[in-house]
Protein chains: 2
Amino acid sequence: MKRVATIKDIASALDVSTSTVSRILNGKNQSNAQLVKEVKAMARKLNYQVNTAAKGLRTNKTKLIGIIVPEIGDDFFAAILSGMQEASEELGYNLLVCQSNESKKKENQLVKSLIACNVEGILIAPSKETHNINFLKGLPALGKHAVIFDRIIDQEVFPHISFDDEQGGYLGGKYLIASGHRKLLFIGLSEALKNGVARLSGYNKALDESDLPNCTASFLDTDGTASEILDHHWQEGAYDAVACYNDLIGAQVIAHFNEIGVKVPQEVSVLGFDNRPLCEYTFPRLSSIEHSTNKMGRMAVTTLLDLLNETESETLDIAPKLVERNSVRQRS
Amino acid sequence: MKRVATIKDIASALDVSTSTVSRILNGKNQSNAQLVKEVKAMARKLNYQVNTAAKGLRTNKTKLIGIIVPEIGDDFFAAILSGMQEASEELGYNLLVCQSNESKKKENQLVKSLIACNVEGILIAPSKETHNINFLKGLPALGKHAVIFDRIIDQEVFPHISFDDEQGGYLGGKYLIASGHRKLLFIGLSEALKNGVARLSGYNKALDESDLPNCTASFLDTDGTASEILDHHWQEGAYDAVACYNDLIGAQVIAHFNEIGVKVPQEVSVLGFDNRPLCEYTFPRLSSIEHSTNKMGRMAVTTLLDLLNETESETLDIAPKLVERNSVRQRS
DNA sequence: TTGTACGCGTTATCAC
DNA sequence: GTGATAACGCGTACAA
């Protein structure tokens, strides 16, 4: 039967004890230099690989982090995952990645399954359905921790990494106003998504400061498709700029205007959010509010590890930035 | 100290042996029905979670699959990962996801680290640098297996899931010819990428069959940016359609034509490859060759598991399909 | 049907 | 400096 080499194999090959091998391989020893050499050589020769499961069983450290996102294929989460991967690799951790498909039930089940895998902690972006994180409350009792990222949840049990959505909206609002716009149409995904509400409120805050009327607010889950929303309000002449919850909506808006022959940005401006790659590929190219997804991923990992090791690390700057492209008309 | 409940805890709480608990929890028992009930109730009460590491140590089955992709954040791989996640979850497996950053050295190191985690098998999309998979050869001796996906490697040691790139190119070529195009410009990433060469050769095969001259072939890594390539050959009037290695290049091509005022598809047609979401967001919307990334992910998982369990499963159809949008001019 | 005893691979403790 | 031994949580052959 095929089997991977263990320290026992190394020990018996060299006629020493397993504990000696273990110590040498972990550098916890000031052994006989000659022996150290021999052990390391034999380990290489036998193609030895430490068995993390056994090690974890003994030490209660698995160097495993569990991650739950609504959808891996979504490029927003994919970018965050990428940052997590980079940070965790630098720190010698591996990632166990799962997707909840926006289902709270599945989230529950995944948490259990991750605990079963002995992860040291869990990073989770809650599903749209999830409005409390009671199912995570058992974690601290197990010596594990969690960090919530992206989606905002009101409970303050676990640390929480998210972009300052309101600040992002505010930034966008200031920019649109400075470029001469007066009537904003906001298109969101759903009023239930707190991030969207925060972005909208940022826009309105900027408008308030200039004594302009609030955004016309609309949401895809209640007010119809982007096209329908645009056409409906267009007839009323209700907006000179469209503030979108994210770039996907922004791209849809631009595509619609292209189709019906409305010139962007000459006749109407469009501003996205998130600064995803697709901003470069619309015509005109979509201006957007950038949030560093990569940094968010890195920060989620370091925050979790700090929690577990009770250390303190630097916090990264994830303040929103405006990325100007060609979808917003400049004051002439 | 905080500790998660074990079968030992359940056993002592109920004053039975651990083996009884183990048997009941695994359903390998026709125990006293009353006892079964009590054990299950106690397990729930203590919030018991099986320790997969310990179980894996004993049974040599960890229900873990290791995955190595060049870049998680890339939405092409993200989509494949999504399919893998779906398939593996249905089969009770968890995914350990790593990224190689297109580095062969890192791939090597990741394989070792995945073996250390006791994964049952490895799914890998080799990096651009990787032209042999010798570093995977040790796997079978360890009772583990691997499945290569996406990127083509010439060695036939492990099964191999990839799209039929040549067939995809052929499909695209036939389509462009049928729409009245005669002179094709192909823009690839790098001549070293076998997938690109296969796609190009598919285009040329279609052209050959109609006695038309081969594509003008260019590659971003040697011939300059997409814009430079387009302008250079445009002046020579060398093409009436641009066949792109992937949709990203296609989007760049469309954006460039929009910028210099060349009408797509009236003056020149553009065809992408992969049918990624961004096809919907260019103007005009980008026609493309679809490969089902999700299915590829699913298939990689089922193929690996079949290999490990020596079972046989259905093969999914991942034949390329043409997705018509608005970037290719139709014969008038 | 149930309990006892042992081993999976590793590390920590304590002798020597 | 090195080796025997126990322990981590679990599954299972074997005995009862």
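Between atom CD1 of residue B:Ile72 and atom CG of residue A:Leu81 there is a gap of 6.0 Å, rounded to the nearest 0.5 Å.
In this model, a donor atom of one side chain and an acceptor atom of the other lie less than 3.5 Å apart for B:Ser113 and A:Asn94.
Between A:His291 and A:Phe163, the two ring planes are parallel [angle under 30°; tilted spans 30° to 60°]. Between A:Phe149 and A:Phe77, the two ring planes are perpendicular [angle over 60°; tilted spans 30° to 60°].
We find that CG of A:Asp15 is positioned 20 Å from P of D:dG1, with the value rounded to whole Å. Between the NZ atom of B:Lys37 and the P atom of C:dT1 there is a distance of 18 Å, given to the nearest Å. Atoms CD1 (B:Ile10) and C1' (D:dC10) sit 12 Å apart, rounded to a whole Å. For the pair A:Ile24 CD1 and C:dT11 C1', the interatomic distance rounds to 15 Å; values are reported in whole Å. Computed from coordinates, the A:Leu35 CG to D:dT2 C1' distance equals 9 Å when rounded to whole Å. Atoms NZ (B:Lys8) and C1' (D:dA6) sit 11 Å apart, rounded to a whole Å.
With sequence neighbours left out, B:Lys137 forms a side chain to side chain contact (heavy atoms under 4.5 Å, CB included) with B:Asn134, B:Gln155, B:Val157. Remark: A:Lys112 pairs with B:Gln49 by the side chain to side chain contact (heavy atoms under 4.5 Å, CB included) rule, at least two apart or across chains. Annotation: side chain to side chain contact (heavy atoms under 4.5 Å, CB included) contacts of A:Asp15 (sequence neighbours excluded): none. The side chain to side chain contact (heavy atoms under 4.5 Å, CB included) test applied to A:Leu57 returns B:Asn51, B:Ala54, B:Leu57, not counting sequence neighbours.
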With the sugar-phosphate defined as primed atoms, P, OP1 and OP2, and the base as all remaining atoms, what B/S/- string results for nucleotides 11-16 of chain D, 5' to 3', for protein heavy atoms under 4.0 Å? BBB---

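At least one side-chain nitrogen or oxygen of A:Ser17 sits closer than 4.0 Å to the OP1 or OP2 atom of D:dG3.
Axis angle, first five pairs versus last five pairs of the helix from C:dT1-D:dA16 to C:dC16-D:dG1: 40°, rounded to 10°.
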